[in-house]
Student: 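Sending over a structure as structure tokens; questions will come in a sec.
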Amino acid sequence: MKFSKNQFNIFILYLVVVICIAPIIYGFYYIKSYAVDVPQWDQWDTIVVWTIQHYEGNFNLGSLIAPQNDSRPILPSALMLIGSILTNMNIKIMFYLGYIIYICSIIVIIYFLKKDVNLDIMTLILLIPLVYYAFNPYYMMRFIYNTGSVQYPILILTASMTIYLIDLSRDSYKIFFGSIFMGVMCTFSFAAGLSIWFAGLFQLVIQETNNKLSKIAIWIMSAILVFYINYELLGFPSAGIHSTSAYSSMLDALRNYPIQKFLCFMGTLGSQVIHQNEIALFFGLIISAFFFSLLYINRHCLELDRTSKLYSLLAFGTLTSLQVALTRSGLDLYVGSAKNIFFIPHFRHSLAIFLPIICIYVLSIFYTKNSVTQEKMHNSSNFLLFFRERKYINLFLLGIIFILLSLGFILHFLPGIDGGKSQHIGGVAMQYYLENYQIQPDINLEKLHPHASVVRERAAKLEKYKLNVFAKDGININEYSKFNVGTYSYIDRLNQKAIHLQTGSIVIDKVNEDTFDITGWAVDKHANSPAKAVFITIGDELNIPTIYGLDRPDVAKAYDNKNFRYSGFRASFASSILDEGPHNFTIKIVSKEGDGYYTSNQIVPFIIV
């Protein structure tokens, strides 16, 4: 059976679509696997406070307008608050929301290409590395951490829509004012949103449009008004790392160390390929060199009007990358030494710096196709043709950028997976600390927020209104009956002291050891699987929950049973909850089916002094 050319093209089209959808679907799996439903850092001062105020009936809409670090993210804050109210403050749902918005923003960017370049089979194939790069696991880490998981996607989407509306507004003031409105939305989505006014101005200058001077004047006046409202009318902090004082330090660092800041910016661009200081700087220089080579080779046919959207998006991405480099690479008074020359952004800033290489790649596709259609291709054995004809040089540059984009995916894949696992482990621990906040030492609660007192106060209200980790009732060991049979279990360590090496009671000095940290493993041997839960029981009266399901490959190996691998437990609580004197503890293991609990024969004596 032979396929017609049309049938073959349809087959390739469906194949490309399936290949491109794969990393998008994996993104949902990544969030499901590694995200944890627990508020972290900035969320304790924003979404946690607002949600509590909503339940107490004293929420003030002005809270959404107040500055948050460097920005005034009104739109993301409103969406997160609505989501929090509807889901009992399920943070994981917000991560999914941000990811869906991010998918929409990438679709808009791909639409830019469709509008300017015929999406034939070859172009669709060339889009594959772009999609895999945009959805690589390292960038997915942004969607399992803090408020930026929603703010950054809205920033990218509103910036893309602003640029798209400016392109459509060539003959329409109505659409032009729509682009201004979208620019305002972009401004109040994240700190970097202010860059849209410079990118939009650049687009208006290079694209052909009716009433150009009038539109440019209106755009500039709108930008001035927005800046005035944001910094003067609504007020802005004058001291601290997120303040006008820090901005002054940034400018001083740029003026005093221009070479160092340039190299840090190159490192920021290069981090799109690899997150390693010295190598990122090298790749940043390569990306810049190839971009300017692309401009030079196509200098007589840049078609700026047709490609104005891409250049505007590139300007926006470059400005946001520059902001990250200048504000996070060292300002002397803030964030370390201004003399740094090697710099790569933290993963939480990844969505602020990923656009330049994508835009350069799309521009390369455009110029390559444009030069091929303008100049007839012909076979030649003369290798020097590559250095004389535009189409060949464009093909060469496209190949290089294709490789860089592919490397950006490959070199970020494993770090993204490892980072997701690390975030998950930390998130599970923080979830445990919050669930048991009443018995936690300050050092544990400070993992959630810099001030433990803030967590204690607000956690009590989350518990009162059954929000977040308190939305579902936990396991109450007192509701279960005790089995008369035992199971496999072992308590390994108490505060890093190996239990099997102790000959008597373990001495705990409350002054120097304010935290109890107990680790071990337990399984339900009768169900041939991990148990449902494990509790530390002190003196037959105090039952303390544990983090259960930790990876214990040694247990699976010892019993030659892979079902026992995720059977580890860990308990952490403040030593201050116990009186001085002798104590002992053991463990209770809730069965897999939850119909009772086993007790361990292992009893560990200890003395509090």
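Position 1 is the first residue of the sequence; numbering continues from there.
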Student: Please lay out, stage by stage, how Trp50 and Ser77 fare under the test side chain to side chain contact (heavy atoms under 4.5 Å, CB included).
Tutor: CA-CA 10 Å; Trp50 302 334; Ser77 297; 3.4 Å; yes
Student: With a 6.0 Å cut-off on ring centres, are Tyr139 and Tyr102 close enough?
Tutor: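 Tyr139 vs Tyr102: aromatic centres not under 6.0 Å.
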Student: Can you list the steps and then say if Lys472 with Asp37 is a salt bridge (charged side-chain N to carboxylate O under 4.0 Å, His left out)?
Tutor: CA-CA 12 Å; Lys472 296 180 180 179; Asp37 180 22; over 6 Å; no
Student: Which residue pairs satisfy the side-chain hydrogen bond (donor to acceptor under 3.5 Å, both in side chains) criterion with at least one member in residues 571-581, sequence neighbours excluded?
Tutor: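 Every side-chain hydrogen bond (donor to acceptor under 3.5 Å, both in side chains) pair that includes a residue of residues 571-581, provided the two are not neighbours, is Asn444-Ser572.
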Student: Are the side chain of Arg570 and the backbone N or O of Ala429 linked by a donor-acceptor pair below 3.5 Å?
Tutor: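 Absent.
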Student: Side chain to side chain contact (heavy atoms under 4.5 Å, CB included) for Leu467 and Tyr55? Distances and angles first, verdict last.
Tutor: CA-CA 10 Å; Leu467 299 172; Tyr55 278 88; 3.5 Å; yes
Student: Extract all donor-acceptor atom pairs below 3.5 Å that involve side chains of residues 599-609 and protein atoms in other chains or at least two apart in sequence.
Tutor:
| unit_1 | atom_1 | unit_2 | atom_2 | d |
| --- | --- | --- | --- | --- |
| Ser600 | OG | Gln602 | N | 3.0 |
| Gln602 | OE1 | Ile491 | N | 2.7 |
| Gln602 | NE2 | Ile491 | O | 3.2 |

Student: Between Tyr99 (side chain) and Ile144 (backbone), is there a donor-acceptor pair under 3.5 Å?
Tutor: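 Absent.
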Student: Any donor and acceptor pair, going by atom type alone, linking the side chain of Arg72 with main-chain N or O of Asn230 inside 3.5 Å?
Tutor: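 Checked: pair present.
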Student: May I ask you to decide if Ala280's main-chain N or O and His275's side chain share a donor-acceptor pair within less than 3.5 Å?
Tutor: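 Between the backbone of Ala280 and the side chain of His275 there is no qualifying donor-acceptor contact (under 3.5 Å).
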Student: Side chains of Thr515 and Asn495: closer than 4.5 Å at any heavy-atom pair?
Tutor: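 Sidechains of Asn495 and Thr515: no contact.
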Student: Are Val534 and Val590 packed together at the side-chain level, in the sense that at least one heavy-atom pair is separated by less than 4.5 angstrom?
Tutor: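 With C-beta onward as the side chain, the pair stays apart.
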Student: Is it true that the side chains of Tyr437 and Glu463 contain a donor and an acceptor less than 3.5 Å apart?
Tutor: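 Yes, Glu463 and Tyr437 have a side-chain donor paired with an acceptor closer than 3.5 Å.
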Student: Are any of the side-chain heavy atoms of Phe569 and Ile587 separated by less than 4.5 Å?
Tutor: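 Yes, close enough: below the 4.5 Å cut-off.
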Student: Tell me, do Tyr133 and Phe354 make a side-chain contact under 4.5 Å, heavy atoms counted?
Tutor: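 The answer is yes; the side chains approach within 4.5 Å.
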Student: Looking at Glu513 and Lys497, does any basic side-chain N land under 4.0 Å from a carboxylate oxygen?
Tutor: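 A salt bridge is present here (some side-chain N lies under 4.0 Å from a carboxylate O).
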Student: Would you please classify the geometry between the Tyr26 ring and the Tyr29 ring as parallel, tilted or perpendicular, with 30° and 60° separating the classes?
Tutor: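 Judged by the thresholds at 30° and 60°, the geometry between Tyr29 and Tyr26 is tilted.
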Student: Report the C-alpha distance between Tyr152 and Phe190 in whole Å, list the side-chain angles of each, state the deciding distance to 0.1 Å, and finish with yes or no for ring pair (Phe, Tyr, Trp, His ring centres under 6.0 Å).
Tutor: CA-CA 7 Å; Tyr152 271 118; Phe190 205 59; 4.4 Å; yes
Student: Test: salt bridge (charged side-chain N to carboxylate O under 4.0 Å, His left out). Region: residues 519-537. Which pairs qualify, not counting sequence neighbours?
Tutor: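 Every pair satisfying salt bridge (charged side-chain N to carboxylate O under 4.0 Å, His left out) with a residue in residues 519-537: there are none.
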Student: Under 4.5 Å between any side-chain heavy atoms of Ile589 and Phe535, yes or no?
Tutor: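 Answer no - side chains too far apart.
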Student: Go through the steps for Phe573 and Asn436 under the test side chain to side chain contact (heavy atoms under 4.5 Å, CB included), then give the verdict.
Tutor: CA-CA 8 Å; Phe573 54 92; Asn436 302 280; over 6 Å; no
Student: Answer yes or no: is there an ion pair linking Asp45 with Arg458, defined by an N-O contact shorter than 4.0 Å?
Tutor: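 Salt bridge: yes.
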Student: Would you say Asn60's side chain and Gly62's backbone share a donor-acceptor pair under 3.5 angstrom?
Tutor: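 Confirmed, Asn60 side chain pairs with Gly62 backbone.
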Student: Indicate, with yes or no, if the rings of Tyr598 and Phe483 have centres closer together than 6.0 Å.
Tutor: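 Close enough - the centres of the two rings lie under 6.0 Å apart.
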Student: Is there a side-chain contact between Trp41 and Tyr145 (heavy atoms, below 4.5 Å)?
Tutor: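 Yes, their side chains come closer than 4.5 Å.
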Student: Taking the basic N atoms (NZ, or NE/NH1/NH2) and the acidic carboxylate oxygens, is any pair closer than 4.0 Å for Asp517 and Arg493?
Tutor: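 No, no charged N to carboxylate O under 4.0 Å.
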Student: Taking only residues two or more places apart in sequence, or in another chain, which ones meet Asn563 in a side chain to side chain contact (heavy atoms under 4.5 Å, CB included)?
Tutor: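 Side chain to side chain contact (heavy atoms under 4.5 Å, CB included) check on Asn563 returns Asn528, Asn561.
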Student: Is it the case that the side chain of Arg142 and the backbone of Arg348 share a donor-acceptor pair, with hydrogens and angles ignored and the cut-off at 3.5 Å?
Tutor: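 Side chain of Arg142 to backbone of Arg348: a pair is present.
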Student: Backbone N or O of Asp42 within a donor-acceptor pair of the His449 side chain at under 3.5 Å?
Tutor: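 A pair under 3.5 Å: no.
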Student: On a heavy-atom basis, which atom in Met94 and which in Gly83 lie closest, and how many Å separate them?
Tutor: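 Closest approach of Met94 to Gly83, heavy atoms only: CE-C, 4.4 Å.
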Student: I'd like to know if the side chain of Asn136 and the backbone of Tyr132 have a donor-acceptor N/O pair within less than 3.5 Å.
Tutor: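 The answer is no, because no donor-acceptor pair under 3.5 Å joins these two groups.
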Student: Keeping the roles fixed (side chain from Tyr30, backbone from Gly420), state whether a donor-acceptor pair exists under 3.5 Å.
Tutor: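 Yes: the side chain of Tyr30 pairs with the backbone of Gly420.
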Student: Does some side-chain heavy atom of Pro39 sit less than 4.5 Å from a side-chain heavy atom of Asn468?
Tutor: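 Yes. Closest side-chain heavy atoms under 4.5 Å.
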Student: Step by step, would you call Lys466 with Asn88 a side chain to side chain contact (heavy atoms under 4.5 Å, CB included)?
Tutor: CA-CA 7 Å; Lys466 294 187 177 298; Asn88 292 326; over 6 Å; no
Student: Any luck finding a side-chain donor-acceptor pair between Glu278 and Gln276 under 3.5 Å?
Tutor: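 Yes, a side-chain donor-acceptor pair sits under 3.5 Å.
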Student: Using only atom types and a distance under 3.5 Å, with no angle test, would you say the side chain of Ser84 pairs donor to acceptor with the backbone of Leu81?
Tutor: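 A pair under 3.5 Å: no.
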Student: Does Leu414 have any side chain to side chain contact (heavy atoms under 4.5 Å, CB included) partners at least two apart in sequence or in another chain, and if so, which?
Tutor: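 Per chain and number, Leu414 pairs via side chain to side chain contact (heavy atoms under 4.5 Å, CB included) with no residue.
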Student: Tell me, please, which residues at least two apart from Leu355 pass side chain to side chain contact (heavy atoms under 4.5 Å, CB included).
Tutor: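 Here the qualifying residues are Ile109, Leu313, Phe316.
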Student: Do the non-hydrogen side-chain atoms of Val555 and Tyr488 ever get within less than 4.5 Å of each other?
Tutor: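 Answer no - side chains too far apart.
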